[in-house]
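Beneath this line is the structure, given in structure tokens, with notes to follow.
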Amino acid sequence: MASKRSYWLMKSEPEVFSIQALRRDRQTHWEGVRNYQARNHLRSMRVDDLVLFYHSNAEPPGVAGVARVCREAYPDDSQFDAKSHYYDAGSKRDDPRWSLVDVEFVEELAQFVPLDVLKEDPALEGMLVTKRGMRLSVQPVERPHFARVLKLGKATTKP
DNA sequence: GCCAACGTTGGC
DNA sequence: GCCAACGTTGGC
């Protein structure tokens, strides 16, 4: 049976956590997602799904690398930590509102792919991240789009 | 630093 | 349940 791998894009501000930081740490808890749509995407992720690691609020913004889901969704502890920036007083221990996944480093793209390039590429027409006003921090990516971005980035990863 | 887009909150 | 006010995201 063929694997049913899915593809995603996750945004991170490189000043906060970059692809280089992920390489250094090898893997990370992707905490702090506080948007229901993004959370639902996190909960749909399966081990071995591939992720485009996108640098937002960067100069320029764009896809910097590839990561892989290595642990499926579980409760994000920071929602219960009153001292955390991500604290949510409305979330119950026995029914956690927010989830996270763990992702591991796969590669940094040989060629960073800026948002401008994504927008201008006809092969990427319809890709969510290229749409104006698209703020969702966790997005599904279609396999052909994913493969195209890997190619633009001269990646060694296979989709 | 600006501001468009869009999600959330809360008064009614 | 509507919607104005407000806060955040994130490109520019």
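Lettering of chains follows the sequences in order, A, B, ..., and the numbering in each one begins at 1.
A:R68 and A:D49 are not joined by a salt bridge, as no carboxylate oxygen comes within less than 4.0 angstrom of a charged side-chain nitrogen. With respect to the salt-bridge test (charged N to carboxylate O, under 4.0 angstrom), the residues A:D76 and A:R34 qualify.
With hydrogens and angles left out, the side-chain atoms of A:E13 and A:S56 include no donor and acceptor closer than 3.5 Å.
Here the P atom of nucleotide B:dG7 and the CH2 atom of A:W98 are 13 Å apart, to the nearest Å. Rounded to whole Å, the distance from NZ on A:K131 to C1' on B:dC6 is 15 Å. Summarising the geometry, the separation between CD on A:Q37 and C1' on B:dC6 is reported as 11 Å, rounded to the nearest angstrom. Regarding A:H41, its NE2 atom lies at a distance of 12 Å from the P atom of B:dG7, rounded to whole Å.
Here the two rings, on A:F53 and A:W30, have centers that are under 6.0 Å apart.
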Tabulate protein N/O versus nucleotide N/O from nucleotides 1-4 of chain C, keeping only pairs under 3.5 Å, one per line.
none

Please tabulate, one pair per line, each protein N/O and nucleotide N/O from nucleotides 8-12 of chain C that are separated by under 3.5 Å, including the distance.
residue, atom, partner, partner atom, Å
C:dT8, O2, A:R135, NH1, 2.7
C:dG10, OP1, A:K11, NZ, 3.0
C:dG10, OP1, A:R135, O, 2.5
C:dG11, OP1, A:Y54, OH, 2.9
C:dG11, OP2, A:N57, N, 3.0
C:dC12, OP1, A:K119, NZ, 2.9

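With A:F146 as the aromatic partner, A:R148 does not meet the cation-pi criteria of under 6.0 angstrom to the ring centre and within 45 degrees of the ring axis.
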Checking A:W98 against A:Y36 for the ring pair (Phe, Tyr, Trp, His ring centres under 6.0 Å) test, could you report, in this order, the C-alpha distance in whole Å, the side-chain angles of both residues, the deciding distance, and whether it holds?
CA-CA 8 Å; A:W98 304 113; A:Y36 286 103; 4.7 Å; yes
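Each of A:E142, A:R143, A:H145 was compared with A:Y7 under the side chain to side chain donor-acceptor pair (under 3.5 Å) criterion, and only A:R143 meets it.
In this structure, A:Y74 and A:H29 have perpendicular ring planes: the angle between them is above 60°, well past the 30° mark.
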